[in-house]
Amino acid sequence: MRRKKLSTEELTNGIRKGDRLVLSRAITLVESQRPEDMEQAEVLLQTLLPATGRSFRLGITGVPGVGKSTFIEAFGTLLTEKGLKLAVLTIDPSSQRSKGSILGDKTRMEELARNPNAFIRPSASGSTLGGVSGKTREVMLLCEAAGFDFIIVETVGVGQSETLVHGMVDFFLLLMLAGAGDELQGIKKGIMEMADAVVINKADGDNLKPAKRAKVEYQNALHLFPANLSGWIPQVKTCSALEKSGLEEVYEMLDKFKRKVKSNGYFDKNRADQQVSWFKENLTDLLRTSFFKKPEVKQRYEEKLKEVQSGKTPALNAAREVISII
Ligand SMILES: Nc1nc2c(ncn2[C@@H]2O[C@H](COP(=O)(O)OP(=O)(O)OP(=O)(O)O)[C@@H](O)[C@H]2O)c(=O)[nH]1
Ligand SMILES: [Mg+2]
């Protein structure tokens, strides 16, 4: 059964009041690929824009099993105890994985899911992750307009999704484990370089000592990286999401970061830069889709494809001949 479509005004008012059901409906609208929905979503985003941008945006990544869900459950609960309203958005690189993972997260984040000051939403990343089809940024704006002042964007640290998340958050936190080599953890050097903090999870029981040792090692490793533009020196912390220890230290670190980058201007500059790249990405994406929708392009494309396959036309020449239509 299809529910009655909400008008833009109903959506705007509901979101401004912090109505979660309306927020969920708006998120579905923003994620929709139907042309009429996309049109309404754009009006909605434009209307709500003045009410956005006031949250702190935290990105969290780490390989499967590192404890992201457990950490977010525990840390998120701490945030709400501090009076913050938290929205958790998850990006999953492969849709196949996401089914299991989202179900798993529902059970693992049980406490948070019941918390009236928390909102959990798996974000559809679409088939072309890294491209624009994912709407996490827009969903983030909707959550901000609904009054959420802390946003966590979670992603699995195995692919390109962390670059995407890094480009939409204020602080990028990498969860790691002690005792497993970096290669084993599948973390690429590039991801370490993006991190504003490495937090070694599962620092409990027999793992406490190795975690402390790993902390020193990571601290040394991070020093070898070029200085961050924010003037912030990446930190290494240990915690146990299970025993809920070390979480207050993580909170204090984020607070310190926030004060630093707000006073030195980096916070605003970074957000402006992120907006600019988002605009450019959207532009490229829209250009591509609208170009390939043209019937005459489709036809010329098929022709040239065959010519390239049969070796009749060089690839570059063929591409230029398709482009020459515009
Ligand atoms: N000892 C210990 N175990 C933990 C800790 N945090 C998480 N775990 C356990 O590690 C396992 C994986 O934790 P999850 O929170 O599901 O990990 P995840 O990173 O969300 O995993 P994916 O969703 O598969 O990417 C679970 O069995 C947790 O109970 C911790 O601090 N200490
Ligand atoms: Mg998880």
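Start at 1 and go down the list; that is how both ligands and their atoms are numbered. Every heavy atom of this structure was used, including side-chain atoms; hydrogens, water molecules and symmetry mates were not.
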Which residue pairs satisfy the salt bridge (Lys or Arg N to Asp or Glu O under 4.0 Å) criterion with at least one member in residues 249-264, sequence neighbours excluded?
-> Asp255-Arg259
Should Glu296 and Lys294 count as an ion pair when the cut-off is N to O under 4.0 Å?
-> no
Looking at Ala241, which atoms of ligand 1 are within less than 4.0 Å of one of its heavy atoms?
-> 6 (N), 30 (C), 31 (O)
N, O or S of Ser69 under 2.8 Å from the Mg ion (ligand 2) = yes
What about Lys202: any of its N or O atoms under 3.5 Å from an N or O on ligand 1?
-> yes
Is a side-chain donor-acceptor pair under 3.5 Å present for Thr28 with Arg121?
-> yes
Asp204: numbered ligand 1 atoms lying under 4.0 Å from its heavy atoms | 1 (N), 2 (C), 30 (C), 31 (O), 32 (N)
Should Gly65 be listed as contacting ligand 1, given a heavy-atom distance under 4.0 Å as the test?
-> yes
Answer yes or no: is there an ion pair linking Arg288 with Asp285, defined by an N-O contact shorter than 4.0 Å?
-> yes
Taking Glu73 for its side chain and Leu112 for its backbone only, find out whether a donor-acceptor pair lies under 3.5 Å.
-> yes
Answer yes or no: does an N/O atom from Thr70 fall short of 3.5 Å to an N/O atom of ligand 1?
-> yes
With Arg320 via salt bridge (Lys or Arg N to Asp or Glu O under 4.0 Å) - residues at least two apart | none
Is there at least one pair of N or O atoms, one from Leu242 and one from ligand 1, spaced under 3.5 Å apart?
-> yes
In ligand 1, which numbered atoms sit nearer than 4.0 Å to a non-hydrogen atom of Asn201?
-> 5 (C), 6 (N), 31 (O)
